[in-house]
Undergrad: 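Below you'll find the structure I mean.
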Amino acid sequence: MNQLDFKGRHAVVTGGATGLGYAIAQRLIASGGRVTLWDRDEAGVRRAAQTLGAQTHAVTVNVTSSDSVAGAVRTTLAQVPRIDALVNSAGIAGPVAKVWEMPVDGWREVMDVNLTGLFLCCRHVVPHMRERGYGRIVNIASVAGKDGNPNASAYSASKAGVIALTKSLGKELADTNVRVNCVTPAAVKTAIFDQMSAEHIAFMLSKIPMGRFGTPDEIAALVGWLCTEDCSFSTGAVFDLSGGRSTY
């Protein structure tokens with residue numbers, strides 16, 4: 001494992017109880033930092049924090065609720081007095097269906113979690129970073145937000161929104177020392193696969209020239225660097241992690 005310098009820094013990672021969020025937290029802790037996991041699964045996030053060790057805190061939060069996110073910020077800052085990095089990893093796959101068959105409630109839930117939740121986390125954390133004059137925000141988007149996966153319009157549209165929000169916020173904060181970037185992974189084999197059909201998983205694999213899915217550790221390596229002070233001249237940028245699928 002290459003060494004990243006996150007010594008003395010503190011990150012909030014949403015969706016940190018499992019999957020990509022958990023792997024990212026592991027990488028940041030291995031790089032010398034402290035991490036607060038935000039997740040709606042109270043038992044799961046506490047279990048994850050225990051497993052990750054003394055440098056980890058757990059906060060139960062519903063990212064779709066502005067009040068819940070505001071409360072999570074207060075709770076976090078009472079435990080660790082600053083937030084140096086925010087990794088927005090919380091997300092769901094949502095229904096696999098044609099647009100004209102997409103359940104309206106399913107569409108709304110995906111948008112609420114994947115896009116509005118990310119917006120709310122940024123909205124409540126950015127003022128703290130601006131006041132301190134430092135911050136790194138990394139948003140987990142998807143190659144689906146670039147290409148648009150068939151039968152996954154809600155997920156694809158939500159991740160396209162994450163890309164656009166990243167670009168907007170990056171430009172809004174470009175005259176500060178707060179950097180905002182996103183990554184666009186192709187499919188990574190995590191628990192989110194449990195929400196997908198075998199046919200949809202096979203479709204995603206067929207689009208990756210490397211012929212394999214990504215691993216959480218591979219995503220965490222890039223996200224970890226984007227959280228460091230070394231990421232100083234990239235903002236509003238989109239970093240590809242797609243095994244060659246999206247080369248633009």
Side-chain angles (χ1 to χ4, degrees), residues 2-16 20-21 23-38 55-57 59 61 63 66 69-91 115-141 145 159 161-185 219-241:
N2 292 330
Q3 292 300 304
L4 300 172
D5 184 4
F6 201 65
K7 295 181 184 67
R9 298 291 189 183
H10 169 236
V12 166
V13 179
T14 75
L20 289 184
I24 291 163
Q26 277 185 310
R27 183 69 188 231
L28 293 174
I29 292 166
S31 301
R34 301 175 70 181
V35 174
T36 299
L37 307 176
W38 287 6
Q55 298 303 310
T56 317
H57 299 278
V59 176
V61 57
V63 297
S66 182
V69 174
V73 172
R74 289 192 296 270
T75 300
T76 299
L77 291 176
Q79 296 171 329
V80 185
R82 69 179 192 271
I83 299 172
D84 297 301
L86 168 65
V87 180
N88 285 302
S89 180
L115 184 55
T116 301
L118 185 148
F119 155 73
L120 290 172
C121 291
C122 290
R123 187 180 189 279
H124 287 290
V125 172
V126 163
H128 167 74
M129 290 181 169
R130 290 185 67 216
E131 183 179 350
R132 289 194 57 249
Y134 180 85
R136 299 290 183 265
I137 297 173
V138 186
N139 298 323
I140 307 300
K159 294 302 187 177
V162 169
I163 292 170
L165 187 152
T166 298
K167 293 179 178 182
S168 294
L169 184 58
K171 291 173 181 176
E172 290 168 0
L173 293 171
D175 61 348
T176 73
N177 197 22
V178 180
R179 303 288 173 256
V180 188
N181 296 290
C182 71
V183 297
T184 51
I219 312 306
L222 178 54
V223 172
W225 179 79
L226 291 170
C227 287
T228 70
E229 197 169 349
D230 285 342
C231 178
S232 56
F233 198 56
S234 293
T235 201
V238 182
F239 289 81
D240 181 68
L241 282 159

Undergrad: With rounding to the nearest 0.5 Å, note down the distance linking OG1 in Thr56 to CD in Gln26.
TA: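 It is 9.5 Å, given to the nearest 0.5 Å.
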Undergrad: What's the separation between atom CG in Leu86 and atom OG1 in Thr36, rounded to the nearest 0.5 Å?
TA: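 Answer for the CG-OG1 pair, Leu86 versus Thr36, is 11.0 Å.
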Undergrad: Donor-acceptor pair, distance only, cut-off 3.5 Å: does the side chain of Asn181 make one with the backbone of Val183?
TA: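 Checking the backbone N and O of Val183 against the side chain of Asn181, no donor-acceptor pair under 3.5 Å is found.
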Undergrad: Which pair of heavy atoms, one from Cys121 and one from Trp38, lies closest together, and at what distance?
TA: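 Cys121 and Trp38 have their closest heavy atoms at SG-CZ3, 4.0 Å.
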Undergrad: Output all residues satisfying side-chain hydrogen bond (donor to acceptor under 3.5 Å, both in side chains) with Asn139, sequence neighbours left out; order by chain, then residue number.
TA: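 Only Asn88, Thr166 meet the side-chain hydrogen bond (donor to acceptor under 3.5 Å, both in side chains) criterion with Asn139.
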Undergrad: Look up atom CG in Leu4 and atom CZ in Arg27, then write down how far apart they are to the nearest 0.5 Å.
TA: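 Rounded to the nearest 0.5 Å, the CG-CZ separation comes out at 4.5 Å.
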Undergrad: List the steps, then state whether side-chain contact (heavy atoms from CB on, under 4.5 Å) holds for Gln79 with Val59.
TA: CA-CA 10 Å; Gln79 296 171 329; Val59 176; 4.1 Å; yes
Undergrad: Should Ile83 and His10 count as side-chain neighbours, where that means a heavy-atom distance under 4.5 Å?
TA: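 The answer is yes; the side chains approach within 4.5 Å.
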Undergrad: To the nearest 0.5 Å, how far apart are SG in Cys231 and CG in Leu226?
TA: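 Going from the SG atom of Cys231 to the CG atom of Leu226 covers 5.0 Å.
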Undergrad: Minimum heavy-atom separation for Ala23 to Ala220, with atom names?
TA: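 Heavy-atom minimum between the residues: O-CB, 3.6 Å.
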Undergrad: Inspect the surroundings of CZ in Arg132 and state if more than 12 heavy atoms from other residues, nucleotides or ligands are less than 6.0 Å away.
TA: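 Counting neighbours around CZ of Arg132, more than 12 heavy atoms of other residues, nucleotides or ligands fall under 6.0 Å, so yes.
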Undergrad: Can you check whether Val126 reaches Glu172 side chain to side chain, under 4.5 Å on heavy atoms?
TA: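 Val126 does not reach Glu172 side chain to side chain.
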Undergrad: For Val162 and Leu115, what are the C-alpha separation, side-chain angles and deciding distance, and is it a side-chain contact (heavy atoms from CB on, under 4.5 Å)?
TA: CA-CA 6 Å; Val162 169; Leu115 184 55; 4.2 Å; yes
Undergrad: Hey, could you give me the CZ/CH2 distance between Arg136 and Trp225, rounded to the nearest 0.5 Å?
TA: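 Going from CZ on Arg136 over to CH2 on Trp225, the span is 9.0 Å.
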Undergrad: Looking at Thr14 and Ala90, would you say the former's side chain and the latter's main chain have a donor-acceptor pair under 3.5 Å?
TA: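 Checking the backbone N and O of Ala90 against the side chain of Thr14, a donor-acceptor pair under 3.5 Å is found.
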Undergrad: Quick one: CD on Glu229 to CG on Asn177, what's the gap to the nearest 0.5 Å?
TA: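 Rounded to the nearest 0.5 Å, the CD-CG separation comes out at 7.0 Å.
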Undergrad: Could you pull out the closest heavy-atom pair between Leu28 and Gly224, with the gap in Å?
TA: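 Looks like CD2-CA, 4.0 Å.
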Undergrad: Is it the case that the side chain of Arg179 and the backbone of Ser232 share a donor-acceptor pair, with hydrogens and angles ignored and the cut-off at 3.5 Å?
TA: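 Indeed, once roles are kept as given, a pair shorter than 3.5 Å links the two residues.
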Undergrad: May I ask you to test the Val138-Phe239 pair for a side-chain heavy-atom distance under 4.5 Å?
TA: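 No; the side chains remain at least 4.5 Å from each other.
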Undergrad: Check whether any side-chain N or O of Thr176 sits under 3.5 Å from a backbone N or O of Leu173 as a donor-acceptor pair, and report yes or no.
TA: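 Yes.
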Undergrad: Output, in order, the C-alpha distance, side-chain angles, deciding distance and verdict of side-chain contact (heavy atoms from CB on, under 4.5 Å) for Thr76 and Val12.
TA: CA-CA 8 Å; Thr76 299; Val12 166; 3.9 Å; yes
Undergrad: Looking at Leu120 and Ser66, what are the two nearest heavy atoms and their distance?
TA: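 Result for this residue pair: CD1-N, 3.7 Å.
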Undergrad: Output all residues satisfying salt bridge (Lys or Arg N to Asp or Glu O under 4.0 Å) with Arg82, sequence neighbours left out; order by chain, then residue number.
TA: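 Arg82: salt bridge (Lys or Arg N to Asp or Glu O under 4.0 Å) contacts with Asp84.
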Undergrad: Between the side chain of His124 and the main-chain N/O of Val73, is any donor-acceptor distance below 3.5 Å?
TA: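 No: the side chain of His124 does not pair with the backbone of Val73.
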Undergrad: For a 4.5 angstrom cut-off between non-hydrogen side-chain atoms, does Ile137 reach Leu169?
TA: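 SC-SC contact between Ile137 and Leu169 confirmed.
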Undergrad: Sub-3.5 Å donor-acceptor pair from the side chain of Lys159 to the main-chain atoms of Ile140, do we have one?
TA: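 Checking the backbone N and O of Ile140 against the side chain of Lys159, a donor-acceptor pair under 3.5 Å is found.
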Undergrad: Which atom names give the shortest non-hydrogen contact between Tyr134 and Thr228, and what distance separates them?
TA: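 That closest heavy-atom pairing would be OH-C, 3.9 Å.
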Undergrad: Identify the heavy atoms of Ser89 and Gly21 that sit nearest to each other, and give their distance.
TA: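 Nearest heavy atoms, Ser89 then Gly21: OG-N, 3.3 Å.
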Undergrad: Return yes if some donor-acceptor pair links the side-chain N/O of Ser31 with the main-chain N/O of Asp5 below 3.5 Å, else return no.
TA: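 No, the answer is negative, given that no donor and acceptor are paired below the 3.5 Å cut-off.
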